[in-house]
**Q** 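Below is one structure. I have some questions about it.
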Amino acid sequence: MDLAAAVFSTLILLVGFWLLIARQIRAAVDGYAIQSILLGCLALALFAATRDPDLLALGILTIAIKGLAIPAVIERQAKTTYGKRELQYHVGFPTALLIGAGLTLIGFVAAARLPYHPALLAEPVLGVAIAVTLLGFFTAMARRDAVLQLAGLLVAENGVILVGLVVASGLGLLIEFAVFLDVLVGVAVMGFLIARMHETVSSTDTSELSRLRG
Amino acid sequence: MTDATLLVAVLAVPLLAALLSLVLRPRWLYAVAAIFEAATLGIALTLITLAVQGPALDCFGHWLYLDGLSGVVLLVVAVVSSLASIYSIGYLRHELREGAVRADELRKYFVVLHLFFFTMIAVTVSGNLGMLWTAISATTLASAPLVDFYGSHPSLEAAWKFIVLTVTGSLVALFGFLLLYQSGVGALGNSYDFSIPVLARAAGHLSPVLAGAAFLLVLVGFGTKAGLAPMHTWLPDAHSQAPSPVCAMLSGAELNCALLGIFRVYTLAAPAAGAAPLRSGLLVFGLLSMAVGVIFLISQRDFKRLLAYSSVEQIGLISVGVGIGTPLALLGALFLIVAHGLTKCLMFFATGNLLLRFRTTAISEVRGVVQAMPWTATLLVGGALAIAGAPPFGVFIAEFSIIAGAVAGHLWVLAALIAGLLLVGFIAMVAPFHTMTFSRRADADAVVMGELNPLILAPALALLAAILVIGVWIPGPLDQLLHSGASVMGR
């Protein structure tokens, strides 16, 4: 069990780093899908160990909604921009990786300082979870392309769901389902705005959106 | 009818309105909006009366819950949203005739408007904290399409900033809610019912460190959504680009939903983590918001952005009131939620009338309102004085109570600081509306005279009467509601 948790959470963190430097828009969305499937697999591995049916449902929901449905929605809404690369960026590769490493460190330090009652997963997974959340926020901030910003937010959400798996495993399936539904609707609304962006300024570079000031 | 039936009905009626708006013929859209939203208002007021008279309403295994604190927010959400839907009818009828809106967009508008109303009501009646988070986040998702309703470049920019920043905030808040859950694991076991009454009963036994951290994350996360500085940057854009009735709902109602999330976690975390550090967090963000709001009020050239920055200032003051924490300041803060919500709604209605007539949001291009639109001019002057904090309107009473609450707590410097900021804000707020209303324009003949239609005047006049009444005399049930809310906050 501990081995499976270690393998899956390490992979989830690595994919978080991959999204930090992926320039191809399609690659970033695929990266998010892979990360979500890994997260679902972690929940399924926990189900195998504990036989808690909530975890089974959580694993299946994660893979179905976040691994398959959300990437499909993004692909459909952002079709015109999907094959493109982000040409201009705020933060270069080496700097992004360095900041990413710093954020990971912060995640592990924060996890070590939180006084919580371990239930399913051990402290290092909480470190990974906080690190992935921070990496996602940083990705959303550092990117100029709207689809990549959305991918960053979704990675952060994966991180928060992993936090939930560590500290709130007894929360109940209904609430997790509501959160997932929220994310799905959020992606649909943001996808709609991304499609509008492409219509209006014929790109999804958000630096085109800087007229409102003061 | 029982509490449970009413609680289900208050959620079901706006949802049903959205569904009917989706399937019925377009000519029924207005009737559905008027009838269903008025019904929702009626049910909401009945519920609030019930919640104030007895113990908090608590149904379906704590999934639906209403006490004094959420009752205050439900009151302002229901009044503002139902009036905004009446106002929308007059507003969109005019836009349709002018060709600014296409007939097929009308259906989209009303469907999303009803859904937006539904999500805000869901915030106020959620008893489960996971549902509370979901509902607060859903208000963003339901309102973002309305912000982009006109489909222009600036409205798209506003909607994108709005959704990216508030979704980020929501995720930070979700982290906070998860830590709040963990803070109760020691006292309640690994798997427990994550609801307001359960956690409130165990509030003294939560883990102090985790409860404090949870509050901080929720303050920053939902503070982003409530428009607290320095996370407010999306607010002036979203609240100025949306159609006026939507602006009224965003500023007058939605911001309070995010505040309810923050204050609810405050009441649950304070007994374990200690009220003092949590209050200082509210004070810091609140004062900063007041300062930022006032600075941007000065030299503002766009009257809708002026109102948006005034919301930043007022939401800041509400947080400061709770941060002070004396009984008088708490009452003042809760009263300000109601008074600011109604007054800001009135101001967006009045400036909406201007916008339809003058077709601009630039302060410098609107002159001579008093000749062109005498009723709207009355609304503008009354509303501007009220929102700036002049007696005898509601906002004045609320602001006075907060300052008096600070003095009662011997926080002299803080009281002086609040009063100073409010004074500067007063001048910055009243001056532009005074110029717009009373200055004569050079090309006075160019303005088409006359009001547009009674449907965009009546809701605003009702609001003006309401804020005047609550400024001179607080009706018994409202007084009870505020005290009941303050007792939840002061526990």
Side-chain angles (χ1 to χ4, degrees), chain A residues 52 54 110 113-117 119-120 129-130 133 136-137 140-141 146 149-150 152-154 156-157 159-161 163-172 174-183 185-190 192-194 196-197 199-201 206 208-214, chain B residues 63 128-131 133-135 137-138 140-142 144-145 148 151-164 167-168 170-172 174-175 177-183 185-186 188-194 207-210 213 236-238 240-241 296 299-302 305 309:
Chain A
D52 178 356
D54 276 11
R113 299 184 71 132
L114 280 178
Y116 75 101
H117 300 262
L120 290 175
I130 300 176
T133 310
F137 285 144
M141 234 164 49
Q149 288 182 348
L150 170 59
L153 287 180
L154 286 168
E157 201 263 343
V160 179
I161 293 292
V163 170
L165 213 48
V166 181
V167 303
S169 53
L171 194 53
L174 203 54
I175 295 170
E176 270 146 9
F177 184 68
V179 172
F180 279 17
L181 200 64
D182 227 47
V183 176
V185 174
V187 169
V189 174
M190 289 176 87
F192 165 76
L193 291 176
I194 288 171
R196 277 258 300 119
M197 217 176 281
E199 255 168 52
T200 316
V201 294
T206 53
E208 300 284 337
L209 302 177
S210 55
R211 290 194 190 170
L212 297 170
R213 282 173 199 285
Chain B
W63 283 91
N128 186 293
L129 289 157
M131 293 317 272
W133 179 87
T134 309
S137 310
T140 300
L141 307 179
D148 187 37
S152 65
H153 187 177
S155 76
L156 173 66
E157 177 183 341
W160 183 255
K161 279 190 196 164
F162 172 47
I163 202 162
V164 169
V167 165
T168 306
S170 287
L171 287 176
V172 173
L174 180 58
F175 196 167
F177 274 81
L178 293 172
L179 288 188
L180 185 65
Y181 181 89
Q182 173 64 222
S183 75
V185 165
L188 297 160
N190 186 47
S191 187
Y192 68 92
D193 181 10
F194 191 42
S207 148
V209 177
L210 286 171
D237 298 342
S240 63
Q241 291 302 320
F296 280 90
S299 81
Q300 186 53 247
R301 295 198 189 91
D302 178 310
R305 293 180 80 83
Y309 277 111

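Keep in mind that this is a model prediction, so the values were computed, not measured. Numbered from 1 within each chain, the chains take letters A, B, ... in sequence-line order.
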**Q** If we define contacts as heavy-atom pairs under 4.5 Å, which of B/D148, B/V209, B/V185 has the most with chain A?
**A**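 Of the options given, most contacts go to B/D148.
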
**Q** Can you list the steps and then say if A/T206 with B/E157 is a side chain to side chain contact (heavy atoms under 4.5 Å, CB included)?
**A** CA-CA 8 Å; A/T206 53; B/E157 177 183 341; over 6 Å; no

**Q** By a 4.5 Å heavy-atom criterion (distance strictly below it), what part of B/S170 contacts chain A: side chain, backbone, both, or neither?
**A** neither

**Q** Out of A/V185, A/V179, A/L181, return the one with the most heavy atom pairs under 4.5 angstrom to chain B.
**A**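 With the most close heavy-atom pairs to chain B, the winner is A/V179.
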
**Q** Who wins among B/L174, B/T168, B/N128 for the most heavy-atom pairs under 4.5 Å with chain A?
**A** B/T168

**Q** Relative to chain A, which segment of B/F177 carries a heavy atom at a distance below 4.5 Å: side chain, backbone, both, or neither?
**A**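 No part of it gets close to chain A.
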
**Q** Just by modelled atom types, is the A/G170 backbone N or O under 3.5 Å from a matching donor or acceptor in the B/Y181 side chain?
**A** yes

**Q** Which atoms of B/A135 are under 4.5 Å from chain A, going by heavy atoms: the side chain, the backbone, both sets, or neither?
**A**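 Nothing of B/A135, per the 4.5 Å heavy-atom cut-off to chain A.
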
**Q** Let me know if B/F175 has heavy atoms under 4.5 Å from chain A in its side chain, its backbone, both or neither.
**A**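 Both backbone and side chain.
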
**Q** Look up atom CH2 in B/W133 and atom CD1 in A/I175, then write down how far apart they are to the nearest 0.5 Å.
**A** 11.5 Å

**Q** Using atom types as modelled and distance alone, determine if a side-chain donor or acceptor of A/R196 lies under 3.5 Å from a backbone N or O of B/H153.
**A** no

**Q** Over all heavy atoms of both residues, which pair between B/Q182 and A/H117 is shortest? Give the atoms and the distance, please.
**A**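 In terms of heavy atoms, the two residues are closest at OE1-N, 2.8 Å.
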
**Q** Any idea which of A/V166, A/V160, A/I130 has the most non-hydrogen atom pairs under 4.5 angstrom with chain B?
**A** A/V160

**Q** Could you tell me the separation between the CH2 atom of B/W160 and the CG atom of A/L150, rounded to the nearest 0.5 Å?
**A** 5.5 Å

**Q** How far does OG of B/S191 sit from CG of A/D52, to the nearest 0.5 angstrom?
**A** 8.0 Å

**Q** Identify which part of A/Q149 has an atom lying under 4.5 Å from any heavy atom of chain B, answering side chain, backbone, both or neither.
**A**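 The answer is the side chain of A/Q149.
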
**Q** Between chain A and each of B/L179, B/L156, B/N190, count heavy-atom pairs under 4.5 Å; write down the option with the most.
**A**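 With the most close heavy-atom pairs to chain A, the winner is B/L156.
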
**Q** So which part of A/Y116 gets closer than 4.5 Å to some heavy atom of chain B, the side chain, the backbone, both or neither?
**A** both

**Q** What distance separates A/I161 CD1 from B/L178 CG, expressed to the nearest 0.5 Å?
**A** 7.5 Å

**Q** For the interface with chain B, which of A/A146, A/A119, A/G172, A/A156 has the highest count of heavy-atom pairs at distances below 4.5 Å?
**A**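 Of the options given, most contacts go to A/A146.
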
**Q** At a heavy-atom separation under 4.5 Å, does A/A140 approach chain B through its side chain, its backbone, both, or neither?
**A**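 For A/A140, no heavy atom lies under 4.5 Å from chain B.
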
**Q** Identify which part of A/A188 has an atom lying under 4.5 Å from any heavy atom of chain B, answering side chain, backbone, both or neither.
**A** neither

**Q** Within a 6.0 Å radius of atom CZ on A/F177, are there more than 12 heavy atoms belonging to other residues, nucleotides or ligands?
**A** no

**Q** Tell me, out of B/D302, B/T140, B/L129, B/V164, who's got the most heavy-atom pairs with chain A below 4.5 Å.
**A** B/V164

**Q** Pick one of side chain, backbone, both or neither for A/L174, based on which atoms fall under 4.5 Å of a heavy atom in chain B.
**A**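 The side chain, not the backbone.
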
**Q** Is B/A144 close to chain A through its backbone or its side chain, or both, or neither, when contacts mean heavy atoms under 4.5 Å?
**A**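 Just its side chain gets close to chain A.
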
**Q** Taking A/E157, A/M197, A/E176 one by one, which has the highest count of heavy-atom pairs under 4.5 Å against chain B?
**A** A/M197

